[in-house]
Chemist: 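Submitted below is the structure of interest, expressed as structure tokens.
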Amino acid sequence: LIRHPPNSTLFPYTTLFRSFVSLETYNEIKTRKDETLSLSEILSRGTLVNGARLTINLPGNHFISKYVKWMSGLTDAYQDYSIMAAFWLLSAACQGKVYVDLKQGDIYPNLYILLFGLSTVSRKTTVIKKTKKVFEACTQEKLYNDDYSLEGYTELVEETEVCNTVRDEVVSLFQKYEKKYNDGIHEAECTLYDCEPYRKTLSSGRQGKKREVIINCPYVTHLYATTPDNFSHCLSLENFYSGFGFRFLYCHPRYERERMPLATATEEDREAFASVVTDYIQLYDMFRNMNDKKIVSVDPDAMSYLEHIRDKVEKLITETNDNNISSAWGRNSDHILKLATLIEVGKEVPSLNISLETMKEACRITTEYFLPTCIETLNRLQEDVKNNKIEKVRGLLVRNNGTCDHGKLLRNSNLVSREFNEVIQTMIESKEIEAVKENGSKRTWYILNSDSTREKLSSLSSYSSYSSCVRTEK
């Protein structure tokens with residue numbers, strides 16, 4: 001099994017199916033009066049804001065477990081990235097040959113994935129380059145960093161129908177998506193993600209004549225990366241809400257991790273790479289040699305469990321009237337079936353039947369990690385930092401792990417002292433932030449607090465009627 005890290009929570013939306021140890025500790029600290037804290041205590045409060053980790057419960061012989069183990073021997077990149085990369089490889093291997101046959105519509109296991117992280121230190125590029133190397137070695141298919149237009153993109157998908165794209169920095173592509181000549185590309189991405197037929201009349205084809213692009217059975221996957229600031233600057237809120245943004249699985253680890261020194265590759269590293277390649281070739285060829293598409297079956301108790309989770313989340317949406325949760329959940333409920341399919345596919349003996357155990361794990365990682373991370377990404381785009389001073393200060397606190405000292409926050413806010421103090425006082429009175437003093441230096445620090453919606457989201461675990469629904473980490 002992949003080892004679980006210590007409990008943590010994800011702000012602004014805390015996890016759905018964890019024990020309440022972290023939240024209780026946070027509330028205990030919050031209720032202290034007239035306190036002074038050490039610097040380490042203050043910074044640890046930030047861990048409660050940005051300490052979330054993507055973990056997964058799988059046996060050691062599962063493809064994802066093997067991939068993460070191999071990658072952890074090569075780089076100190078966040079393990080979260082390796083898990084996402086392995087999911088993408090499984091998604092690409094399926095080649096549109098399998099799907100879940102729901103009454104409401106077919107669900108194919110193709111994924112759009114976006115990795116967030118700081119440049120250089122997060123090592124997201126390392127993971128993407130290694131993943132490209134595995135894919136290209138196994139499939140003999142080159143993955144290029146094309147900045148394509150709508151016409152070029154749809155013509156490419158028309159030629160192959162199965163299209164996999166990987167970019168270690170997607171900002172330039174997304175910036176071109178916002179250009180006038182690419183009107184309609186976000187809607188095209190949504191249609192292709194849904195594996196629905198697509199038709200587009202192009203103003204000029206490759207021969208200089210008007211022509212139609214017709215894609216009957218698209219199967220498109222993306223593995224992209226960028227910094228969170230770049231993403232905020234290159235995708236408009238309107239295009240996120242078009243459905244394009246909600247179709248991605250977002251991964252944004254920010255916790256402290258051990259560093260690995262530079263070293264040359266060993267024979268053991270090369271053998272581990274060969275083992276991963278061998279496993280992936282077998283899996284890829286299995287799907288490539290399928291003559292017909294196959295239906296992924298779902299055990300009745302697994303489907304019942306999924307409905308149980310859907311009822312709980314939708315009840316919360318009704319109670320809170322939170323449009324962001326509602327919008328994000330619409331696609332994350334589909335993600336559950338996609339991830340469950342890929343977990344079955346990645347087993348030592350690939351399976352096309354979703355078991356209850358697999359459904360539980362897919363529900364857990366979606367509600368515990370992917371749903372909150374999607375909402376967090378949307379919240380970041382909604383910050384009107386140009387016109388709203390409170391949102392500007394709140395955004396700075398989020399970017400500083402939920403804690404920041406007075407001087408740094410004032411400098412980075414670009415507000416005059418009087419305006420800044422008014423904003424801080426308003427946020428303290430509304431209990432959005434808390435002010436504490438640092439022992440010794442007596443510096444003032446500001447700590448971002450929770451809100452009722454986030455607490456209700458985390459409290460969903462208490463609603464469970466399944467004896468095994470609530471997962472308490474040891």
Side-chain angles (χ1 to χ4, degrees), residues 1-2 16-17 54-68 83-113 193-195 219 221 247 249 279-280 282-284 286-287 290 292-314 329-371 460 464-471:
L1 297 179
I2 299 176
L16 299 178
F17 299 100
L54 173 60
T55 62
I56 191 163
N57 298 317
L58 294 173
N61 57 11
H62 194 282
F63 177 80
I64 294 176
S65 301
K66 291 181 178 179
Y67 196 80
V68 171
I83 294 173
M84 297 301 291
F87 267 123
W88 177 83
L89 283 169
L90 293 174
S91 175
C94 291
Q95 302 165 67
K97 297 293 183 69
V98 295
Y99 64 96
V100 178
D101 184 17
L102 289 184
K103 291 182 179 181
Q104 294 79 8
D106 299 337
I107 304 293
Y108 286 81
N110 60 312
L111 298 178
Y112 287 5
I113 292 173
Y193 172 89
D194 296 339
C195 300
Y219 186 84
T221 72
R247 282 167 169 78
L249 289 174
D279 290 346
Y280 193 66
Q282 292 176 351
L283 191 63
Y284 193 88
M286 181 187 80
F287 287 103
M290 285 184 180
D292 301 309
K293 293 184 178 182
K294 295 186 181 297
I295 295 175
V296 178
S297 59
V298 184
D299 285 347
D301 54 353
M303 186 60 76
S304 176
Y305 184 84
L306 175 59
E307 279 304 302
H308 171 69
I309 298 300
R310 282 165 51 89
D311 287 345
K312 291 197 329 182
V313 177
E314 290 172 13
W329 175 243
R331 283 296 159 185
N332 274 270
S333 59
D334 289 346
H335 290 153
I336 291 174
L337 286 169
K338 289 173 176 279
L339 295 170
T341 299
L342 297 176
I343 290 172
E344 291 291 347
V345 165
K347 290 181 175 179
E348 185 177 26
V349 178
S351 166
L352 296 181
N353 178 72
I354 298 175
S355 66
L356 174 60
E357 182 182 10
T358 293
M359 185 66 79
K360 285 182 179 181
E361 189 63 9
C363 286
R364 182 188 68 80
I365 60 177
T366 301
T367 54
E368 182 179 281
Y369 189 86
F370 294 122
L371 175 60
L460 280 177
S464 176
S465 60
Y466 276 76
S467 60
S468 55
C469 179
V470 180
R471 173 177 165 270

Chemist: With a 4.5 Å cut-off on side-chain heavy atoms, are His62 and Ile56 touching?
Modeler: no
Chemist: Find out whether Tyr67 and Leu90 are in side-chain contact, i.e. whether some heavy atom of one side chain is under 4.5 Å from a heavy atom of the other.
Modeler: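 In short, these two side chains do not touch, never coming nearer than 4.5 Å.
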Chemist: Okay, side chain of Ser65, backbone of Pro59: is any donor-acceptor separation there less than 3.5 Å?
Modeler: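 Yes; at least one donor-acceptor contact below 3.5 Å.
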Chemist: How far does CG of Leu306 sit from CG of Asp311, to the nearest 0.5 angstrom?
Modeler: 9.5 Å
Chemist: Any side-chain donor paired with an acceptor under 3.5 Å for Tyr108 and Lys293?
Modeler: yes
Chemist: First locate atom CG of Leu89, then atom SG of Cys94, and finally report the distance between them rounded to the nearest 0.5 Å.
Modeler: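 Reported to 0.5 Å precision, the distance equals 11.0 Å.
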Chemist: With heavy-atom distances below 4.5 Å as the criterion, would you say the side chains of Ile107 and Val296 are in contact?
Modeler: no
Chemist: Search all heavy atoms of Leu339 against all heavy atoms of Thr366 and return the closest pair with its distance.
Modeler: CD1-OG1, 3.5 Å
Chemist: May I ask you to test the Val345-Pro109 pair for a side-chain heavy-atom distance under 4.5 Å?
Modeler: no
Chemist: Would you say that Tyr219 contacts Ser91 through its side chain, given a criterion of any heavy-atom pair below 4.5 Å between the two side chains?
Modeler: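 A side-chain contact exists here, since the closest heavy-atom pair is under 4.5 Å.
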Chemist: Indicate the atoms forming the closest heavy-atom contact of Ile343 with Ala362, along with that distance.
Modeler: CD1-N, 4.4 Å
Chemist: Hey, mind stepping through Asp299 and Ser355 against side-chain hydrogen bond (donor to acceptor under 3.5 Å, both in side chains) and telling me if it holds?
Modeler: CA-CA 6 Å; Asp299 285 347; Ser355 66; 5.4 Å; no
Chemist: Could you measure the distance from the CG atom of Leu249 to the CZ atom of Phe87? Nearest 0.5 Å is fine.
Modeler: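 Reported value, rounded in 0.5 Å steps: 9.0 Å.
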Chemist: Can you tell me how far apart OH (Tyr305) and CD1 (Ile336) are? Round to the nearest 0.5 Å.
Modeler: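 Interatomic distance, Tyr305 OH to Ile336 CD1, rounded to 0.5 Å: 9.0 Å.
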Chemist: Arg364 and Thr55: which non-hydrogen atoms are nearest, and at how many Å?
Modeler: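 Closest heavy-atom pair between Arg364 and Thr55: NH2-O, 2.8 Å.
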Chemist: Do Glu348 and Asp279 make a side-chain contact, defined as non-hydrogen atoms from C-beta onward lying under 4.5 Å apart?
Modeler: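 Sidechains of Asp279 and Glu348: no contact.
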Chemist: Under the side chain to side chain donor-acceptor pair (under 3.5 Å) rule, what pairs show up with a residue in residues 332-343, not counting sequence neighbours?
Modeler: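 Pairs touching residues 332-343 that pass the test: Asn110-Lys338, Tyr193-His335, Arg331-Asp334.
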Chemist: Look up atom CZ in Arg310 and atom CH2 in Trp329, then write down how far apart they are to the nearest 0.5 Å.
Modeler: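 If I round to the nearest 0.5 Å, the distance is 7.0 Å.
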Chemist: Give the C-alpha distance, both sets of side-chain angles, the deciding distance and a yes or no for salt bridge (Lys or Arg N to Asp or Glu O under 4.0 Å) between Glu357 and Lys360.
Modeler: CA-CA 5 Å; Glu357 182 182 10; Lys360 285 182 179 181; over 6 Å; no
Chemist: Any side-chain heavy-atom pair from Lys347 and Thr358 closer than 4.5 angstrom?
Modeler: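 They are in side-chain contact.
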Chemist: Do any side-chain atoms of residues 96-106 form donor-acceptor pairs under 3.5 angstrom with protein atoms, and if so which ones, sequence neighbours left out?
Modeler:
residue : atom : partner : partner atom : Å
Lys97   : NZ   : Phe287  : O            : 2.9
Lys97   : NZ   : Arg288  : O            : 3.4
Lys97   : NZ   : Met290  : O            : 3.1

Chemist: Ignoring hydrogens and geometry, is there a side-chain-to-backbone donor-acceptor pair from Thr221 to Leu111 under 3.5 Å?
Modeler: no
Chemist: What's the shortest heavy-atom distance between Glu361 and Asn57, and which atoms?
Modeler: OE2-N, 2.7 Å
Chemist: Atom CE of Met84 and atom CD1 of Ile113: how far apart are they, to the nearest 0.5 Å?
Modeler: 4.0 Å
Chemist: Is any side-chain heavy atom of Tyr280 less than 4.5 Å from a side-chain heavy atom of Lys66?
Modeler: no
